[in-house]
> 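My structure is below; once you've seen it, I'll send some questions.
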Amino acid sequence: MRLLIVEDESSIAQRIETTCISDGISCDIAEDGTEALEMIKLYDYDAVILDLMLPDINGFEVLSRLRAIKNGTPVIILSGLNSTDDKVKCLTIGADDYLTKPFSKVELLARIYAVIRRTSGHFSSVINIGPLEIDIKRCVKIYDVEMPLTKKEYSILELLALKKGTVLPKEAFLNHIYGGLDEPEVKIVDVFICKLRKKIADMTGGLNFIETVWGRGYMLRDFEDAAEHAPVNTLMVS
Ligand code: CA
């Protein structure tokens with residue numbers, strides 16, 4: 001999961017960043033509105049934490065411009081402005097949530113997860129696909145047994161689960177993991193997918209949930225489809 005923090009006060013930006021990183025969420029920071037808009041157009045963030053009082057264009061304007069170009073990235077306003085008018089204005093022009101400063105770390109995290117869950121069409125923080133249970137708080141279980149995953153493997157599985165049934169190009173995975181910074185070659189995605197498939201197969205008696213769509217990318221299958229594609233001798237086990 002990757003967030004953009006738009007905040008001109010560096011101490012606050014760092015506090016938000018530390019909170020997110022402690023929960024395994026990667027972050028980028030933009031110090032003004034112009035930089036924020038450029039970064040959001042370049043990278044595919046899971047959510048944006050947006051301050052309203054910024055040195056150049058204010059947060060209201062950033063949000064309006066974003067929605068005007070049909071960019072639907074979830075936006076959580078985090079502002080010192082606490083009037084009902086400001087809250088209503090933001091929610092009306094397309095904010096997904098509004099939190100006031102000073103903020104509590106646990107509340108911020110809870111709101112981030114809630115917003116991402118809602119905007120990705122999931123109603124709980126856990127996505128279930130047959131025996132596979134992916135908690136967007138970074139825990140994956142198969143048949144109730146925790147699956148050992150590296151941070152990058154988790155990120156790939158998380159993206160596949162959030163966009164289940166959609167073919168994702170390899171660049172989308174790179175963007176999700178590295179956010180456009182120091183990206184390795186796209187072939188690295190095949191390596192991660194291969195490792196993930198092996199771990200899932202080892203724990204499910206040979207099931208493969210991750211489909212290769214030639215020339216296009218990868219897609220997470222539903223459980224029934226995965227079972228259908230399983231080798232015959234393993235179907236009796238599962
Ligand atoms: Ca500010």
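Atoms within a ligand are numbered from 1 in the order they appear, just like the ligands themselves. Quick note: residue numbers are just sequence positions, from 1.
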> What atom name does the N, O or S atom of D8 nearest to the Ca ion (ligand 1) carry?
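Within D8, restricted to N, O or S, the Ca ion (ligand 1) is closest to atom OD1.
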> Among the N, O or S atoms of D51, which one sits nearest to the Ca ion (ligand 1)?
OD2
> For D96, run the salt bridge (Lys or Arg N to Asp or Glu O under 4.0 Å) check against R111, R67, R117 and tell me which one passes.
R67
> Strictly under 3.0 Å, is the Ca ion (ligand 1) approached by any N, O or S atom of M53?
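So M53 counts as coordinating the Ca ion (ligand 1), yes.
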> Does this structure show an ion pair linking R197 with E211, if we count only N-O contacts that are shorter than 4.0 Å?
no
> Using a strict 4.0 Å threshold on nitrogen-to-oxygen distance, state whether K141 and E146 make a salt bridge.
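Salt bridge between K141 and E146, a charged N being under 4.0 Å from a carboxylate O: no.
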> Would you check if there is a donor-acceptor pair between the side chains of S79 and D51 at a distance under 3.5 Å?
no
